[in-house]
Q: 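The structure's right below; bear with me while I get my questions together.
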Amino acid sequence: MSTKKDITPIVEQNLCHSCGSCFAACGHDCIEYKNTVGGYYFPIIDYDKCTNCELCYKVCPGDHFLAPLKEKTPENPFVGNIISTTVGKATNEKIFLNSQSGGVTTAILKYLLESKQIEAAIVTSMDMSSESYTKAKIVTSVEDLISAQKSKYVPTSINELMPEVLKIEGTIAMVGLSCHFHGLENLIKIKKKLKKKNIIKIGLICDRVMTNRAVDFLTQENEIKNIKDFRFRDTSNTPYPGDITFVNKNDNFIKKDKKNRMFMKDFFTPVRCLLCFDKMNIYSDIVIGDPHGIDNTDRKFGESLILTRTELGEEIVQKTINSNEIDLREASLEQAISGQKIIEKRKKWNANITAWEQLGNDLPEYPESILEYSIKATAKEIDKAKKQILHSLSLDNYKSKKELLKDANKYHKKILIKNNLNSKLAPLKKIVKKIIQKG
């Protein structure tokens, strides 16, 4: 019996990011991705084709970082190295109005394409015909860039495109989450040709994604097969940060309050997101996200927060400014870090990994500095983390999608009742607070 490792045990432990790195590493067409009942998008190995080469295991960032990635880990792994901090938006009206929060990512890619500094870009679009409801693709036109705008809060196996990337002559830019770049760095160690590509990494700030069942929940009053477009956040009809919208095949535009997404984040959070420290995408060249906590930002139409991490990233941002594709102004790094709640993240991550280990699970093999930089959680916080982990693990225990969505509806109703009660009690709490302060 072979003792060589592959990604199956990693999937069974729910450590898989769904990043697509294993698919890219496999040279024998042995891996495909499938949805589980709970909406996890996991790789499955065809052992009739598998040669036990171990490459899928070696590149998996869900389980471990290879040496080059560990060496790149900055002193503060929850913030990373930052050269400049700015806030702003795209100057192109079409890009800005179609954006989720400023359109800077698309504007930078537009500049890079039109100035011939890249041959193509890797982006992600919603695709309701796909099992994952998303699709990573390589684009070469501004029109395709615009069609891929807005965040997709479900797992996407972007790195599965790397074999196609190797066929492209010239530089390519990639827009991804931190897990995608963790996997890319591991892949570069195994696939030497990837290192020569000098991929420009444009990272997105990420608190977490949700399993694909979140889309089923948010659209359950309409048959998923009759929906042709879905947007988690749409500012075209409602102010920033935008409501949930989708369009059916009869071109009827359906809107749902953004609170429905926020209320259900905990219900649909994948286990692996709870164990990830890298909200701020520390291994990228440029990081883009919402400008939470920063003074004087446009709260009606939205703007982007931009952090440059490398000299290459800084050069690209400055050239894009000079080309008049983006309008940026300096912002406070302190406010940006506070707005992204990094202190809370350090403590929450500690609670999650401590709870994970106490539940008898193996921890991902991260650099020791990450644990050292976290903030020790209290017993109460660890117990709360255990409950969240056990819930996330339970999503695949349902017999069917219908059964899961039934419980999701019950959870949603409880949250609504609790939220309404808190709203009614808020004025009374203010009065009590004032009395205490006076007394």
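FYI, the numbering just counts along the sequence from 1.
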Q: Between D243 and K258 (side chain of the first, backbone of the second, donor and acceptor by atom type, cut-off under 3.5 Å), is there such a pair?
A: yes
Q: Does any N or O in the side chain of K189 come within less than 3.5 Å of the main-chain N or O of P68, such that one atom is a donor and the other an acceptor?
A: no
Q: Parallel, tilted or perpendicular: which one describes the rings of H17 and H182, with boundaries at 30° and 60°?
A: perpendicular
Q: Can you tell me how far apart NZ (K376) and CZ (R346) are? Round to the nearest 0.5 Å.
A: 15.0 Å
Q: State whether the number of non-hydrogen atoms from other residues, nucleotides or ligands found under 6.0 Å of Q318 atom CD is greater than 12.
A: yes
Q: Between the side chains of Y373 and E75, is a donor N or O closer than 3.5 angstrom to an acceptor N or O?
A: no
Q: With a 4.5 Å heavy-atom cut-off, do K414 and I417 have their side chains touching?
A: no
Q: Has the side chain of N260 got a donor or acceptor atom that lies under 3.5 Å from a matching backbone atom of D257?
A: yes
Q: May I ask you to decide if the ring planes of F42 and Y40 are parallel, tilted or perpendicular, using 30° and 60° as cut-offs?
A: parallel
Q: Are K341 and H292 close enough that some pair of their side-chain heavy atoms sits under 4.5 Å apart?
A: no
Q: State, to 0.1 Å, how close P367 and T73 come at their nearest heavy-atom pair, and which atoms those are.
A: CG-OG1, 3.5 Å
Q: For K201, is the NZ atom crowded, meaning more than 12 foreign heavy atoms sit under 6.0 Å from it?
A: yes
Q: Going by ring pair (Phe, Tyr, Trp, His ring centres under 6.0 Å), name the residues that satisfy it together with Y33, two or more places apart in sequence or in a different chain.
A: Y41
Q: For K135, does the NZ atom sit with more than 12 other heavy atoms under 6.0 Å from it, leaving out its own atoms?
A: no
Q: Under the 3.5 angstrom rule, does the side chain of R309 hit a backbone N or O of Y283 as a donor-acceptor pair?
A: no
Q: Check for a donor-acceptor pair, side chain of H180 on one end and backbone N or O of G20 on the other, with a separation under 3.5 Å.
A: no
Q: Salt bridge or not for D207 and K265, using N-O below 4.0 Å?
A: yes
Q: Taking the side chain as everything from C-beta on, heavy atoms only, tell me whether E365 gets closer than 4.5 Å to F65.
A: no
Q: Between D290 and R233, does any side-chain N to carboxylate O distance fall below 4.0 Å?
A: yes
Q: More than 12 foreign heavy atoms under 6.0 Å from NZ of K197: is that the case here?
A: yes
Q: Can you tell whether the side chains of D266 and R208 come within less than 4.0 Å, N to carboxylate O?
A: yes
Q: To the nearest 0.5 Å, what is the distance between CZ (F181) and CD1 (I282)?
A: 12.5 Å
Q: Check the pair F268, V154 against side chain to side chain contact (heavy atoms under 4.5 Å, CB included), reporting the backbone distance first and the verdict last.
A: CA-CA 10 Å; F268 290 110; V154 288; over 6 Å; no
Q: Can you confirm whether R213 sits close enough to L395 that some side-chain heavy atom of one is under 4.5 Å from a side-chain heavy atom of the other?
A: no
Q: Can you confirm whether the side chains of Q13 and N361 place a donor and an acceptor under 3.5 Å from each other?
A: no
Q: For I343, does the CD1 atom have more than 12 heavy-atom neighbours from other residues, nucleotides or ligands under 6.0 Å away?
A: no
Q: With a 4.5 Å heavy-atom cut-off, do I172 and I138 have their side chains touching?
A: yes
Q: Do side-chain atoms of N350 reach the backbone of S374 as a donor and acceptor pair under 3.5 angstrom?
A: no
Q: Rounded to the nearest 0.5 Å, what separation is found between the CD1 atom of I200 and the CE atom of M174?
A: 13.0 Å
Q: If we ignore hydrogens and angles and just use 3.5 Å, is the side chain of R272 paired with the main-chain N or O of G62 as donor and acceptor?
A: yes
Q: Do E381 and K384 sit within salt-bridge range, that is, some charged N less than 4.0 Å from a carboxylate O?
A: no
Q: Would you say the side-chain atoms of S392 and Q388 include a donor-acceptor pair closer than 3.5 Å?
A: yes
Q: Going by atom types alone, do T310 and D285 pair a side-chain donor with an acceptor below 3.5 Å?
A: yes
Q: Under 30°, 30 to 60°, or over 60°: which ring-plane class applies to Y153 and F232, parallel, tilted or perpendicular?
A: perpendicular
Q: Side chain to side chain contact (heavy atoms under 4.5 Å, CB included) for Q340 and M280? Distances and angles first, verdict last.
A: CA-CA 9 Å; Q340 295 300 328; M280 299 299 287; 3.9 Å; yes
Q: Taking the six-membered ring for Trp, are H412 and F217 parallel (under 30°), tilted (30 to 60°) or perpendicular (over 60°)?
A: perpendicular
Q: Check step by step if side chain to side chain contact (heavy atoms under 4.5 Å, CB included) holds for V215 and M128.
A: CA-CA 10 Å; V215 178; M128 302 310 289; 3.8 Å; yes
Q: Of the non-hydrogen atoms in G183 and S21, which two are nearest, and what is the gap between them?
A: CA-OG, 3.2 Å
Q: Do the non-hydrogen side-chain atoms of F301 and S99 ever get within less than 4.5 Å of each other?
A: no
Q: Tell me whether N397 at atom CG has more than 12 heavy atoms from other residues, nucleotides or ligands lying less than 6.0 Å away.
A: yes
Q: For L307, is there any backbone N or O sitting under 3.5 Å from a side-chain donor or acceptor partner on T85?
A: no
Q: Above 12 or not: heavy atoms from other molecules or residues under 6.0 Å from NZ of K256?
A: yes
Q: As an exercise, state the distance from CD1 of I288 to CD1 of I306, rounded to the nearest 0.5 Å.
A: 6.0 Å
Q: Could you tell me if D298 and Y240 have a donor-acceptor pair between their side chains, going purely by distance under 3.5 Å?
A: no
Q: State, to 0.1 Å, how close N281 and G203 come at their nearest heavy-atom pair, and which atoms those are.
A: ND2-CA, 3.3 Å
Q: For E334, does the CD atom sit with more than 12 other heavy atoms under 6.0 Å from it, leaving out its own atoms?
A: no
Q: Working note: L204 + T105, criterion side chain to side chain contact (heavy atoms under 4.5 Å, CB included); need CA distance, chi angles, decisive distance, verdict.
A: CA-CA 9 Å; L204 304 175; T105 303; 4.2 Å; yes
Q: Using atom types as modelled and distance alone, determine if a side-chain donor or acceptor of Q149 lies under 3.5 Å from a backbone N or O of I95.
A: yes
Q: How far does SG of C56 sit from CG of D6, to the nearest 0.5 angstrom?
A: 5.0 Å
Q: Tell me, do L390 and L359 make a side-chain contact under 4.5 Å, heavy atoms counted?
A: yes
Q: Taking the side chain as every heavy atom from C-beta outward, state whether V87 and L305 have any atom pair closer than 4.5 Å.
A: yes
Q: Is there a donor-acceptor contact under 3.5 Å linking the side chains of D234 and S236?
A: yes
Q: If I take atom CD1 from residue I337 and atom CG from residue N76, how far apart are they, to the nearest 0.5 angstrom?
A: 8.0 Å
Q: Centre-to-centre under 6.0 Å for F277 and Y366, is that the case here?
A: yes
Q: Can you give me the closest heavy-atom contact between V104 and A90, atom names plus distance?
A: CG2-N, 4.2 Å
Q: May I ask you to check whether T308 and S84 show a side-chain donor-acceptor distance below 3.5 Å?
A: yes
Q: Evaluate the criterion salt bridge (Lys or Arg N to Asp or Glu O under 4.0 Å) for residue pair K347 and E344; output intermediate values, then yes/no.
A: CA-CA 5 Å; K347 184 179 284 190; E344 293 91 329; over 6 Å; no
Q: Taking the six-membered ring of F96 as reference, does the cationic atom of K89 (NZ for Lys, CZ for Arg) lie under 6.0 Å from its centre and within 45° of its axis?
A: yes
Q: Are D383 and K380 close enough for a salt bridge, meaning some N to O gap below 4.0 Å?
A: no
Q: Any side-chain to backbone donor/acceptor pair from N212 onto N35? Under 3.5 Å, distance only.
A: no
